[in-house]
2 protein chains.
Amino acid sequence: MDGRDVSAASGVTIYEVARRAGVSIATVSRALRGTGPVAGATRERVLRAVEELRFTPSRAGVSLAEGRHAANGIVFPNLSGPYFAEVLIGYEEVTSELGRSVVILSTKGRDLSTKERGLSVKGRRLSAHGPDLSLNEPGLPGQGHDAIRDLVRELAGRVDGLVVFGSTVPDDVIDELVASRLPLVLISHAERPGAVTLRSENVSSARALATHLLGHGYRTFAFLGAPYATGDDVDLRWQGVHEVLGDAVQPVLTAEYTVESGYEAALRLLGTRDRPEAVICSDDEVALGAILAAEELGLSVPDDVAVTGWDDIMAARHARPALTTVRQPMRELGARAARALDELIAGASLEDSHRTLDTELIIRSSCGQHPHEPHLQELNPQELNRQARHAEESHPR
Amino acid sequence: MDGRDVSAASGVTIYEVARRAGVSIATVSRALRGTGPVAGATRERVLRAVEELRFTPSRAGVSLAEGRHAANGIVFPNLSGPYFAEVLIGYEEVTSELGRSVVILSTKGRDLSTKERGLSVKGRRLSAHGPDLSLNEPGLPGQGHDAIRDLVRELAGRVDGLVVFGSTVPDDVIDELVASRLPLVLISHAERPGAVTLRSENVSSARALATHLLGHGYRTFAFLGAPYATGDDVDLRWQGVHEVLGDAVQPVLTAEYTVESGYEAALRLLGTRDRPEAVICSDDEVALGAILAAEELGLSVPDDVAVTGWDDIMAARHARPALTTVRQPMRELGARAARALDELIAGASLEDSHRTLDTELIIRSSCGQHPHEPHLQELNPQELNRQARHAEESHPR
DNA sequence: GGAACGAATGGAAGCGCTTACATTGCCACG
DNA sequence: CGTGGCAATGTAAGCGCTTCCATTCGTTCC
């Protein structure tokens with residue numbers, strides 16, 4: 001390892017190939033990329049030399065000369081939840097098909113900057129039932145921010161385009177990216193001039209979910225895992241729920257969107273005398289935590305308290321009771337983002353650049369036995385496979 | 001987008017910075033990287049120019065000149081299971097800390113090449129309970145192989161080192177990588193000269209698990225999700241189990257290591273008259289499928305049949321009954337791989353290059369109430385947090 | 001007071017590739 | 001038989017950066 005060798009995978013350069021084949025490097029290049037005419041015999045010789053020398057073009061050399069990286073990036077908060085992993089699967093698959101590599105960057109946790117916390121609902125201030133986990137001193141440019149900024153810059157420097165999740169990255173960093181004219185797709189982020197945005201439907205799904213719960217006869221509700229930022233997915237879910245339920249639903253903050261914080265918040269919430277009849281959780285993991293908390297408190301789900309989630313992650317189906325939730329097409333989201341980004345890189349304009357994917361309400365048993373619904377066959381093989389097919393079949397372009 | 005601009009993130013080159021600061025590009029470079037002496041005032045001017053122009057060095061230019069990519073790759077079969085996602089988290093985190101980017105490549109499914117299928121046990125040929133999913137025609141170089149080969153080469157060309165999971169990549173491709181002297185870390189792969197290998201302990205954990213089940217009084221067993229390749233994790237688990245249980249355990253193939261194929265195989269297995277008393281599954285997802293199948297058949301777990309998993313993924317804790325399993329330090333595995341790779345890149349030798357991480361037997365309720373064990377507190381907050389801490393605290397280097 | 005030294009800087013040669021442009025033959029056509 | 005045209009190939013100019021080496025001064029030390 002002398003460190004002076006970019007193509008560690010070979011060390012062979014186009015010059016050696018050229019010499020061996022008895023041609024110029026230009027001809028080697030043309031033969032390999034199929035640009036420009038090359039005589040059959042010549043091509044043969046070149047290819048043989050390439051084979052014998054195990055030549056692989058240096059990526060850095062190609063990038064520099066071509067003026068592109070043939071790589072796309074993606075920034076997400078973390079992969080520990082199944083949600084981001086699923087989106088990443090869809091993204092990687094399509095990006096790879098498009099002949100580009102995928103460079104990832106995890107920001108380790110959502111950006112819970114103080115200024116965006118503490119939403120108020122109709123003037124009523126919300127109390128956090130979880131500890132406040134704000135990372136940054138108010139006013140100060142949090143060091144976390146600057147670290148993220150540098151990492152994102154670094155990433156931006158090695159890709160032709162970028163996908164960024166919701167509130168993983170401070171808005172001014174987004175602005176910087178837009179200003180640099182880097183093709184940019186934002187997932188679950190408020191619309192923003194200069195970037196394509198993409199998300200799953202939230203508001204009307206939330207309305208449907210809330211309506212369904214009303215049909216069960218519940219009259220008091222909590223929304224567990226209240227939104228951290230306006231315009232993010234959870235905020236929209238809250239809006240939809242709140243629209244239908246009005247003051248009957250009480251927003252409750254969690255520290256994060258994890259099983260642990262769902263558990264902790266639910267423990268406090270359900271331990272009180274006037275606990276709600278139904279707990280609408282901002283995502284499945286929070287809901288799983290809530291179910292654990294209920295169990296811990298000796299409460300039966302759904303008889304004593306109903307619980308719903310969001311996303312339909314794998315564990316949602318295996319939990320007992322199985323979780324009523326809203327399925328969003330996670331892989332599809334990633335796949336769409338990849339294609340949109342590709343179009344942007346190819347020079348597409350930003351017209352009509354805000355898309356929303358449909359979701360599906362999945363009724364299982366955690367919300368109670370619905371009087372009007374037929375009993376759902378949880379083990380239906382159809383359902384077993386639906387999620388996989390979903391990504392491929394629905395929403396054809 | 002004129003396509004002729006590598007640093008899409010700025011378009012500004014070091015020349016413009018130099019002109020603006022009134023110095024040469026050499027000085028700009030030195031000022032920015034801190035190599036070589038630069039007068040304080042000069043540095044100031046350079047930094048100001050950089051700031052004003054929003055200059056970011058072109059990654060391709062730097063890579064070409066430096067002779068390195070400052071990026072590491074990782075190849076995994078897929079991300080849909082939590083296992084690989086968790087390993088990736090650990091890998092990304094450490095690699096990122098080391099100042100390198102992470103380029104990912106998913107091969108979409110394990111390499112189930114025919115030649116490696118159909119293991120025999122003591123001369124007895126195994127029958128597959130699932131459909132044979134072999135991708136390649138026997139003898140023919142499967143197209144899947146060549147596609148993977150190209151993708152891996154491409155990846156290898158843009159990184160300084162590579163981590164590859166078990167049997168995601170054909171062995172001859174591995175050989176090619178080794179021959180090219182690309183720093184290489186193999187996770188859960190048989191030892192191989194020229195590469196570091198890393199895995200979680202399997203054999204003795206499997207022995208412990210089998211022994212525990214014997215303690216429950218079970219006498220007939222199935223091993224669900226039999227190994228596809230010799231030397232992979234599942235093969236070693238099978239070995240350990242088989243060592244302890246001998247002919248009392250029957251190996252049963254699944255099509256894949258997924259909930260669906262676990263479900264299907266278990267449906268067949270448990271539907272028979274002489275079903276085993278305990279089903280030892282090769283991983284948690286197969287086990288979750290087995291539990292679903294048992295439920296479908298009206299069998300109680302663990303009363304009618306015991307089920308165990310492996311990995312301790314999130315859903316294992318939330319399943320009912322909660323899954324007895326073997327926890328392996330997935331993030332730690334990724335983190336270790338990242339550090340080992342870094343050392344290799346830095347020029348470390350390949351001495352002592354085969355490491356095994358410890359696992360932990362997690363007894364929950366799916367294996368039955370053990371006569372000798374105290375009742376396990378499933379909701380213990382300690383357990384809730386253990387996994388997270390695990391990755392950080394255990395196995396300090 | 002001059003030599004020796006080191007700090008500060010610039011010049012220029014690559015790093016490995018792509019590609020515009022120049023060059024060389026060869027054939028067909030008038 | 002001359003020539004326009006085109007296929008096949010070579011030449012060389014970058015792409016944006018790092019770094020070796022040379023150059024220029026201001027010091028310091030005898």
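Please read these numbers as outputs of a predicted model, since none were measured by experiment.
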Interatomic distance, A:Ile148 atom CD1 to A:Ser106 atom OG [nearest 0.5 angstrom]: 9.0 Å
Distance in angstrom units between B:Arg19 CZ and D:dC17 P, rounded: 13 Å
Residue-phosphate contact under 4.0 Å: B:Ser58 side-chain N/O, D:dC17 OP1/OP2: no
C:dG10 phosphate, OP1 or OP2, under 4.0 Å from B:Ser24 side-chain N/O: yes
Verdict with reasoning, B:Leu198 to B:Arg355, per side chain to side chain contact (heavy atoms under 4.5 Å, CB included): CA-CA 5 Å; B:Leu198 197 60; B:Arg355 272 214 180 61; 3.5 Å; yes
Side-chain donor-acceptor contact under 3.5 Å, B:Ser63 with B:Arg59: yes
Distance, rounded to the nearest Å, where A:Arg59 contributes CZ and D:dC15 contributes C1': 13 Å
Residues B:Leu155, B:Leu151; criterion side chain to side chain contact (heavy atoms under 4.5 Å, CB included); working and verdict: CA-CA 6 Å; B:Leu155 174 58; B:Leu151 288 171; over 6 Å; no
Spatial distance of atom CG (B:Leu344) from atom CG (B:Asp160) [nearest 0.5 Å]: 12.0 Å
Between B:Ser101 and A:Arg158: side-chain donor-acceptor atoms closer than 3.5 Å: yes
Lys/Arg N to Asp/Glu carboxylate O, B:Arg331 vs B:Glu93, below 4.0 Å: no
Charged N-O contact under 4.0 Å between B:Glu332 and B:Arg339: no
Spatial distance of atom CZ (A:Phe84) from atom CD1 (A:Ile104) [nearest 0.5 Å]: 13.5 Å
Residue A:Val62, side-chain atoms from C-beta onward, closest of C:dT19, C:dC17, D:dT18: C:dC17
Give every pair of a protein N or O atom and an N or O atom of nucleotides 22-26 of chain C that lie under 3.5 Å apart, one pair per line with the distance.
none

Donor + acceptor pair across side chains of A:His189, A:Thr197 (<3.5 Å): no
Rounded distance (Å) that lies between atom P of C:dT19 and atom CG of A:Leu32: 13 Å
Ionic contact status for B:Glu16 with B:Arg20, cut-off 4.0 Å: no
Please tabulate, one pair per line, each protein N/O and nucleotide N/O from nucleotides 12-14 of chain C that are separated by under 3.5 Å, including the distance.
none

Touch class at under 4.0 angstrom, heavy-atom based, for A:Ser29 against every strand present: base
Nucleotide of D:dT19, D:dC17, D:dA8 approaching A:Pro37 most closely (side-chain heavy atoms): D:dA8
Between P of C:dG16 and CG of A:Leu64, the distance in whole Å: 12 Å
d(CD, A:Glu16; P, C:dC15) in whole Å: 11 Å
Separation of C:dG16 C1' from A:Phe55 CZ (nearest whole Å): 8 Å
Between C1' of C:dT18 and CD1 of A:Ile14, the distance in whole Å: 8 Å
Length of the line joining A:Leu53:CG and C:dG16:P, which is rounded to integer Å: 14 Å
Any N/O donor-acceptor pair, B:Arg30 side-chain to C:dG10 base, under 3.5 Å: yes
Residues touching DNA chain C, which here means a heavy atom under 4.0 Å, drawn from residues 39-49 of chain B: B:Ala39, B:Thr42
Reported CG-to-CD1 distance for the pair B:Leu333 and B:Ile89, which is rounded to 0.5 angstrom: 13.0 Å
